[in-house]
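First the structure, in the form of structure tokens, and then the observations on it.
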Amino acid sequence: MELGIGMFGDLHIDPKTGQIQSSQEKLHQIIEQIKLMDEVGLDFFGMGEHHRPDYAVSAPEIILAAAASVTKNIKLGSAVSVLSSADPVKLYQDFATVDVLSNGRAEIMAGRGSFIESFPLFGYNLNDYGALFEEKLDLLIKLNSHETINWTGKFRPTLINQQIYPRPVQPKLPIWIAIGGTTSSVIRAGKLGLPVMFAIIGGTYEAFKPLVEMYQQAYADNGHSMDDFQVGVHMHALFGDDSQQIADAYYPIYSAQMNRIGGDRGWPPYQRTQYDFGRSSHGHLIIGDADYATDKILKIQESLGLTRFSAHMDVGAPSHLQMMKAIEVFGTQIAPKVRAALKKGE
């Protein structure tokens with residue numbers, strides 16, 4: 001199982017003054033954090049795409065290109081690219097460029113997006129939400145397989161004998177599909193034979209087991225080799241030396257972000273009981289020390305049959321020092337224990 005980190009580039013917002021951290025400061029911190037991820041031996045990093053004032057990153061591929069120059073081994077992908085409001089040709093060219101710069105370490109994680117700001121920004125109608133994703137995913141897959149493309153769709157001009165450059169170092173870019181929990185998305189990914197990343201950001205992780213099984217069945221039924229089968233989960237996490245201390249210190253930061261997002265979506269105020277349940281053995285949060293995190297990651301892997309675990313570690317913008325500490329604990333303590341346990345169980 002691969003172990004890595006996903007981030008959205010949350011900007012710190014001062015709870016007293018409301019002042020928002022500068023994007024310049026945040027972006028430099030992110031590059032320093034990715035460099036440490038590579039140094040401590042984590043397998044992959046994913047950068048999210050948002051078009052809001054409280055997030056620093058609207059173009060993940062630019063961050064990944066910068067990260068390629070200061071890393072050697074870690075895979076570099078999006079988490080996610082909002083494919084529905086993107087031009088698949090430009091997206092493919094951008095990530096092929098990252099692949100060239102990184103000597104073959106780039107990935108694309110495509111999704112429909114849980115925020116909608118990019119649709120009016122780039123001139124798309126939300127009534128076409130599902131159709132946009134299906135059509136653009138079809139084009140992205142074809143771009144990945146053919147240097148010369150002929151393609152016709154509804155939402156983008158026709159391509160006739162068009163050559164797409166640069167080509168990646170890898171024979172094909174890995175294309176993951178990010179899924180929040182809809183069965184139609186699960187079945188589509190299985191039919192296409194594309195790896196899936198489930199976002200588990202509420203409730204229990206066991207609730208996703210039927211979806212994982214559905215995906216696996218669709219994958220096998222459509223003739224794809226199980227040797228290539230990949231499934232991952234993305235879960236909110238933060239690590240430190242003392243479980244209770246890190247949980248108590250992180251709660252005000254995490255709950256403030258949940259309330260900011262919830263205010264836009266009509267959610268009730270976030271409660272400490274929700275947070276504590278999330279940190280329980282069956283919950284969706286992994287916030288604590290190395291032993292706690294190791295045990296929980298292994299239980300999730302056993303339950304869901306994962307090939308990848310992604311810790312989303314910047315929700316609400318913990319400080320740079322907190323992030324660096326969490327990355328260090330993940331790479332030097334948690335990851336070795338998880339890998340040793342999985343190897344022993346083979």
Side-chain angles (χ1 to χ4, degrees), residues 1 3-8 10 46 48 79-80 109 111-116 176-190 195-218 230-239 243-244 246-248 250-288 292-316 318 334 338:
M1 179 172 64
L3 299 166
I5 291 172
M7 289 164 45
F8 284 178
D10 296 37
V80 303
M109 186 178 295
R112 293 186 291 182
S114 60
F115 294 95
I116 62 172
W176 288 70
I177 304 298
I179 293 177
T182 57
T183 56
S184 59
S185 296
V186 170
I187 293 170
R188 180 198 299 119
V196 160
M197 179 68 73
F198 288 98
I200 302 179
I201 56 175
T204 66
Y205 61 81
E206 290 102 332
F208 281 76
K209 190 167 184 176
L211 290 171
V212 173
E213 292 172 346
M214 184 186 301
Y215 166 62
Q216 186 171 0
Q217 188 67 51
Q230 295 185 78
V231 61
V233 296
H234 161 108
M235 300 175 69
H236 293 172
L238 195 69
F239 311 124
S243 280
Q244 195 60 52
I246 190 68
D248 291 342
Y250 188 37
Y251 174 72
I253 299 169
Y254 187 83
S255 61
Q257 179 69 347
M258 292 298 101
N259 285 328
R260 276 191 290 271
I261 296 171
D264 294 340
R265 301 181 179 185
W267 298 348
Y270 191 77
Q271 303 293 328
R272 180 68 193 236
T273 52
Q274 294 173 264
Y275 183 75
D276 291 338
F277 172 78
R279 293 186 61 248
S280 68
S281 60
H282 300 283
H284 65 285
L285 299 175
I286 306 183
I287 299 165
Y292 158 88
T294 299
D295 290 345
K296 193 162 182 178
I297 291 170
L298 287 170
K299 287 177 182 176
I300 297 166
Q301 195 280 335
E302 182 180 7
S303 175
L304 302 181
L306 303 179
T307 63
R308 177 175 283 197
F309 170 80
S310 177
H312 182 178
M313 291 207 322
D314 67 341
V315 180
I334 299 168
V338 170

Rounded to the nearest 0.5 Å, what's the gap from [atom1] on [X] to [atom2] on [Y]? Could you check?
X      : Y      : atom1 : atom2 : value
Phe198 : Leu306 : CZ    : CG    : 9.5 Å
Met258 : His236 : CE    : NE2   : 5.5 Å
Gln271 : Tyr251 : CD    : OH    : 6.0 Å
Leu298 : Glu302 : CG    : CD    : 8.5 Å
Ile179 : Ile200 : CD1   : CD1   : 12.0 Å
Ile297 : Tyr205 : CD1   : OH    : 11.5 Å

Tell me the closest heavy-atom pair linking [X] and [Y], and the distance in Å.
X      : Y      : value
Val315 : Tyr250 : O-OH, 2.7 Å
Met109 : Ala79  : SD-CA, 4.2 Å
Ala293 : Ile334 : CB-CD1, 3.6 Å
Ser303 : Lys209 : O-CE, 3.4 Å
Pro269 : Gln274 : O-OE1, 3.7 Å
Gly305 : Val231 : O-CG1, 3.5 Å

Q) Any idea how His312 and Phe8 line up, ring-wise: parallel (<30°), tilted (30 to 60°), or perpendicular (>60°)? A)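 The rings of His312 and Phe8 sit tilted, inter-plane angle from 30° to 60°.
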
Table please: side-chain donor-acceptor pairs of residues 278-288 below 3.5 Å, with sequence neighbours left out.
| from | atom 1 | to | atom 2 | distance (Å) |
| --- | --- | --- | --- | --- |
| Arg279 | NE | Ile287 | O | 2.8 |
| Arg279 | NH2 | Ile287 | O | 3.0 |
| Ser280 | OG | Phe277 | O | 2.5 |
| His282 | ND1 | Glu206 | OE2 | 2.3 |
| His284 | ND1 | Gly203 | O | 3.3 |

Q) Between Tyr275 (side chain) and Ser255 (backbone), is there a donor-acceptor pair under 3.5 Å? A)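 Not confirmed, Tyr275 side chain does not pair with Ser255 backbone.
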
Q) Is there a donor-acceptor contact under 3.5 Å from the side chain of Thr294 to the main chain of Val338? A)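 Flag not set: sc Thr294 to bb Val338 has no pair under 3.5 Å.
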
In the structure I gave you, are the side-chain heavy atoms of [X] and [Y] within less than 4.5 Å of one another anywhere?
X      : Y      : result
Ile300 : Met235 : yes
Arg112 : Thr182 : yes
Phe309 : Met1   : yes

Q.
Counting only heavy atoms not in Ile116 (residues, nucleotides, ligands), do more than 12 fall under 6.0 Å from its CD1?
A.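 No.
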
Q. When you look at CD1 of Ile201, are more than 12 heavy atoms from neighbouring residues, nucleotides or ligands closer to it than 6.0 Å?
A.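 Atom CD1 in Ile201 is not crowded, with 12 or fewer foreign heavy atoms closer than 6.0 Å.
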
Q: Tell me whether the centres of the aromatic rings in Tyr254 and Tyr270 are closer together than 6.0 Å.
A: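 Tyr254 vs Tyr270: aromatic centres under 6.0 Å.
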
Q) Gln257: what forms a side chain to side chain donor-acceptor pair (under 3.5 Å) with it, not counting sequence neighbours? A)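 Asp10, Tyr55, Arg260.
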
